[in-house]
Amino acid sequence: MSKVFVVGGSGRVATELIKRLAKAGHQVTAGARHPEKIVSLPNVQAVQLDLHDSQANINQLINGYDAVFFTAGSRGKDVLQTDAMGAVKTMRAAEANNIQRYIMLSSMYALEPEKWSQIPALAGITDYNIAKFFADNYLINNTKLDYTIVQPASLTEEAGTGMVSVGANQDTTIPIPDVAHFLAACLDANNTICKVLMIRTGQQAIDEAIHAVK
């Protein structure tokens, strides 16, 4: 069992992630600007987290955990302070408090801006992709965290299939529950450390796909 902090705890992916982590017996603290919107479950504590807050206050809040999941997203409304700098603040908080494990929910091809105009689903969210580009690069190049960056294809509000494809391929879609399943499974998969993993619906069971990461 791990003590984990989920940033952006009221979001769509976060809700499914929290359910999965709690069911697996992890002790979850979920932070959001509106904590009353966080799913209420045993082993889940909801706290107020505003990514506009000072670094010192965020350091104080994200302290005493084994891992941090970043799932916050402004959906295009606050990309600089949430998706970019907000992410950086939580990375810095993790390092300040000796939390080594950090799992980032990102966006397909976030580190490859030359692809954005080629894929219609990405062309429409350019500002978000720019924010994720800088956040992902900061995580890789400016921290010493044991990171995993998960870059899903376009999210759909469908039932999970439990099946994925990992790696660069034709851009497709993936149900939100499958993204949450993949994120949760990365927590104890040391082979995913320092990896950037693109995922979409595929033909391989999620746990098998993670086990196969090299």
Side-chain angles (χ1 to χ4, degrees), residues 1-51 53 55 57-73 82-83 86-106 132 135-136 138-140 143-152 155 160 176-197 199 206-207 209-211 213:
M1 182 188 78
S2 298
K3 291 180 64 178
V4 301
F5 193 101
V6 177
V7 179
S10 61
R12 298 177 300 167
V13 174
T15 298
E16 297 301 320
L17 173 63
I18 291 165
K19 291 176 183 177
R20 184 166 286 276
L21 291 171
K23 185 176 181 180
H26 298 295
Q27 186 176 338
V28 181
T29 299
R33 188 175 295 179
H34 298 286
E36 69 278 5
K37 295 181 180 180
I38 294 169
V39 63
S40 179
L41 291 169
N43 294 336
V44 177
Q45 178 187 11
V47 298
Q48 185 169 33
L49 168 64
D50 188 341
L51 293 172
D53 210 344
Q55 185 68 60
N57 286 346
I58 291 174
N59 287 1
Q60 186 175 12
L61 185 64
I62 305 178
N63 186 8
Y65 298 95
D66 302 309
V68 174
F69 287 88
F70 187 90
T71 64
T82 295
D83 304 284
V88 169
K89 287 178 181 178
T90 65
M91 298 171 206
R92 296 177 71 185
E95 290 203 304
N97 292 300
N98 298 311
I99 304 168
Q100 196 61 30
R101 193 72 173 103
Y102 189 101
I103 300 172
M104 166 72 86
L105 174 62
S106 185
K132 299 308 289 186
D136 287 5
Y138 188 94
L139 181 55
I140 293 167
T143 78
K144 295 182 180 178
L145 295 169
D146 288 339
Y147 68 82
T148 302
I149 297 174
V150 177
Q151 298 182 337
L155 306 182
I176 287 170
D178 287 339
V179 177
H181 183 171
F182 194 94
L183 287 166
C186 286
L187 178 59
D188 297 317
N190 289 341
N191 60 313
T192 67
I193 290 174
C194 295
K195 296 290 195 301
V196 178
L197 304 173
I199 60 172
I206 289 173
D207 291 341
I210 287 178
H211 183 73
V213 170

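Along the sequence shown, residues carry numbers from 1. Basis for what follows: all heavy atoms, side chains included, without hydrogens, waters or symmetry-related copies.
A donor-acceptor pair is defined here as one N or O able to donate and one able to accept, closer than 3.5 Å; no such pair exists between the side chain of Asp66 and the backbone of Val4. One N or O on the side chain of Asn191 and one on the backbone of Val213 form a donor-acceptor pair closer than 3.5 Å. Of the possible polar contacts, none joining the Gln48 side chain to the Glu36 backbone as a donor-acceptor pair under 3.5 Å is found. A donor-acceptor contact shorter than 3.5 Å is absent between the side chain of Asp207 and the backbone of Ala185.
Residue Thr82 holds its OG1 atom at 9.0 Å from NZ of Lys89, rounded to the nearest 0.5 Å. From Met91, atom CE reaches atom OH of Tyr102 across 4.5 Å, with rounding to the nearest 0.5 Å. Remark: Ser106 OG to Gln151 CD distance equals 4.5 Å, nearest 0.5 Å. Here the CG-CD1 distance, from Leu105 to Ile149, works out to 11.0 Å after rounding to the nearest 0.5 Å. Taken from OG1 in Thr192 to CG in Asn190, the straight-line distance is 7.5 Å, to the nearest 0.5 Å. For the atom pair CZ of Arg101 and CZ of Phe69, the computed distance is 7.5 Å after rounding to the nearest 0.5 Å.
The shortest side-chain heavy-atom distance between Leu21 and Leu187 falls under the 4.5 Å cut-off. Leu17 is listed as a side-chain neighbour of Thr71, based on a closest heavy-atom distance under 4.5 Å.
The minimum heavy-atom distance linking Ala96 with Asn59 is given by the pair CB-ND2, 3.9 Å. Here the shortest heavy-atom pairing between Ala135 and Asp83 reads CB-O, 3.6 Å. Taking each heavy atom of Ala32 and Pro35 in turn, the nearest pair found is O-CD, 3.5 Å.
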(request) Let me see the working for His26 and Asn43 under side-chain contact (heavy atoms from CB on, under 4.5 Å), right down to the final yes or no. (result) CA-CA 7 Å; His26 298 295; Asn43 294 336; over 6 Å; no
(request) List the steps and the verdict of salt bridge (charged side-chain N to carboxylate O under 4.0 Å, His left out) for Glu16 and Lys19. (result) CA-CA 5 Å; Glu16 297 301 320; Lys19 291 176 183 177; 3.5 Å; yes
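His211 pairs by the side chain to side chain contact (heavy atoms under 4.5 Å, CB included) definition with nothing, not counting sequence neighbours.
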Donor-acceptor contacts under 3.5 Å from residues 7-15 side chains, at least two apart:
| residue | atom | partner | partner atom | Å |
| --- | --- | --- | --- | --- |
| Arg12 | NH1 | Glu157 | OE2 | 3.0 |
| Thr15 | OG1 | Gly11 | O | 2.8 |

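Counted within 6.0 Å of CZ on Arg33, heavy atoms from surrounding residues, nucleotides or ligands total more than 12; the atom is thus considered enclosed. The neighbour count for Gln55 CD, taken as heavy atoms of other residues, nucleotides or ligands under 6.0 Å away, is above 12.
The only member of Thr29, Val47, Asn97 that meets side-chain contact (heavy atoms from CB on, under 4.5 Å) when paired with Leu61 is Val47. Residue Phe70 forms a side-chain contact (heavy atoms from CB on, under 4.5 Å) with just one option from Leu51, Val6, Leu183, and that option is Leu51.
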